[in-house]
Amino acid sequence: MSVRHALLALLSEGPKYGLQLRQEFEARTGEVWPLNVGQVYTTLQRLERDGLVESDDAAEEGPQKGFRITADGADELAGWLRTPPDLSSPPRDELVIKVLVAFRMPGVDVHEVIQVHRRYLVELMQQWTHLKEDEGQFDLGFALVVDAELFRLDSVIRWLDTAEGRLKRAEVEQPQSASFPMPKLRRRVGVRT
Amino acid sequence: MSYLELRGVSKVYGEGPTEVHALTGVDLSADAGQLVAVMGASGSGKSTLLTIAGSLEEPTSGEVLVGGALLSKMSRNDKARMRRRSIGYVFQDYNLLAGLSAVENVSLPLELDGVAAKKAQSAGMAVLEELGLADRATSFPDELSGGERQRVSIARAVVGERHLLLADEPSGALDSANGEAVMRLVLAACRRGVAAVVVTHEAQLASWADRVVFLRDGRVVDQTEPLSGIEESLLAHGPKQ
């Protein structure tokens with residue numbers, strides 16, 4: 001999450017004070033991203049150093065010091081909004097690694113390992129969904145954040161379901177597959193060493 | 001108190017070499033006011049479990065209690081009456097009668113149970129109003145969208161004095177916004193005191209439940225812990241940056 005760009009976005013609406021920026025940042029992100037005031041001022045100082053925001057020179061440092069976005073800041077913000085985040089290389093996912101390890105380990109039931117994680121993820125999803133229950137107290141920013149979290153967790157569960165199905169089919173069709181040597185597996189899934 | 005209770009329920013189809021164990025020793029309960037989700041892959045026994053819970057099929061062994069009454073001790077007629085009066089069913093493909101309008105579909109269970117047509121229709125209309133479908137009451141199923149059809153089928157499942165709602169993949173063919181609307185209706189019925197069991201393979205649907213039970217190869221293998229003190233713990237940490 002780029003605090004830097006979120007602050008530029010808030011300043012694109014007009015000049016604001018540091019404290020105001022912190023409050024608005026938290027409100028707009030459904031209060032899911034807590035931000036300390038020190039983080040706000042450090043980021044503002046860097047933005048000012050880079051010429052992306054300007055401050056009221058006359059005002060003293062502190063909550064009453066006002067900031068506004070510069071033309072360069074507006075360009076930076078517009079560019080950031082339209083630049084996709086880097087999702088090109090797969091993350092080194094701990095859960096994927098655990099399942100890869102579990103299905104080859106003697107004495108370990110990979111289905112049980114998968115279920116432990118599936119239950120935990122469903123419990124997390126229940127908690128997020130519970131937050132959606134009362135629509136009346138549900139602001140739009142928060143709704144978007146909760147949806148994003150639910151879809152992220154859901155995608156992990158879908159992968160676990162698919163992995164379990166694939167492992168079950170492999171157990172029936174190729175009982176010998178568990179004896180494949182690790183180097184071959186590494187090549188097939190592209191795990192970095 | 002549990003409105004629905006399955007005790008050691010097993011179901012075997014076929015005999016000898018073709019024998020299929022669809023369910024094995026399943027214990028499951030749903031209290032009045034509680035939404036229970038049963039989650040499992042295709043072929044895990046979810047739909048069999050639901051049809052047995054709804055007395056549409058009999059278990060090979062084990063007992064099912066609905067409202068404290070043992071189904072095995074009830075006559076066919078008593079079971080049929082209980083199904084009409086106390087149990088609402090929601091299916092993935094809606095199962096609405098094509099020749100009846102929305103309000104006629106919704107009021108049908110009451111009419112079958114002997115309620116006068118006019119009274120049944122006004123009860124059906126009241127439920128449709130509650131679900132925001134009053135303006136679609138005279139539309140026929142083929143004039144409704146998928147989301148509207150499923151909402152009508154939920155109206156049919158909760159009309160009258162239903163105590164148990166059984167839903168099989170209720171948002172299966174719907175997009176996520178309509179799926180969410182369907183689960184909100186199921187949850188609203190629970191908050192009015194209905195016990196509900198939803199079977200699904202979708203985590204997004206199951207996550208609306210108070211309790212999620214996991215079914216694998218016809219056996220209950222796990223269930224979630226009750227929710228408690230959650231919002232604080234989620235929000236205190238914030239996402240990883």
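Per chain, numbering begins at 1; letters A, B, ... match sequence-line order.
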Side chain from CB out, backbone as N, CA, C, O: work out which of these in [X] comes under 4.5 Å of a heavy atom of chain A, or both, or neither.
X        : result
B:Glu180 : side chain
B:Ser42  : neither
B:Met39  : side chain

Considering non-hydrogen atoms only, spot the tightest contact between [X] and [Y] and give its length.
X        : Y        : answer
B:Trp208 : A:Glu133 : CZ3-CA, 4.4 Å
B:His201 : A:Asp161 : O-OD2, 4.2 Å
A:Arg158 : B:Glu202 : NH2-OE1, 4.2 Å
A:Gln126 : B:Arg211 : NE2-N, 4.0 Å

Mark yes when over 12 heavy atoms from residues, nucleotides or ligands other than [X] sit less than 6.0 Å from its [atom1]; otherwise mark no.
X        : atom1 : value
B:Glu15  : CD    : no
B:Arg192 : CZ    : yes
B:Glu19  : CD    : yes
B:Tyr13  : OH    : yes
B:Arg219 : CZ    : no

- Message: Please determine whether side-chain contact (heavy atoms from CB on, under 4.5 Å) holds for the pair A:Lys132 and B:Met183, giving the CA-CA distance in whole Å, both sets of side-chain angles, and the decisive distance to 0.1 Å.
- Response: CA-CA 11 Å; A:Lys132 293 207 292 191; B:Met183 290 313 292; over 6 Å; no
- Query: Checking B:Gln204 side chain against A:Asp154 main chain: does a donor-acceptor pair fall under 3.5 Å?
  - Reply: no
- Item | Heavy-atom proximity to chain B below 4.5 Å, by part of A:Phe151 | both
- When the 4.5 angstrom heavy-atom criterion is applied to A:Ile157 and chain B, the contacting part is side chain
- For the atom pair OG (B:Ser176) and CG (A:Asp147), what is the distance rounded to the nearest 0.5 Å? 7.5 Å
- Rounded to the nearest 0.5 Å, how far does OG of B:Ser207 lie from CD of A:Gln127? 11.0 Å
- Item | Sub-4.5 Å side-chain heavy-atom contact between A:Lys168 and B:Asp217 |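 The answer is yes, as the side chains (C-beta and beyond) meet within the 4.5 Å cut-off.
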- Query: Do you know which of A:Arg119, A:Met125, A:Glu112 has the most heavy-atom pairs with chain B at a distance under 4.5 angstrom?
  - Reply: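 Ranked by heavy-atom pairs under 4.5 Å with chain B, first place is A:Arg119.
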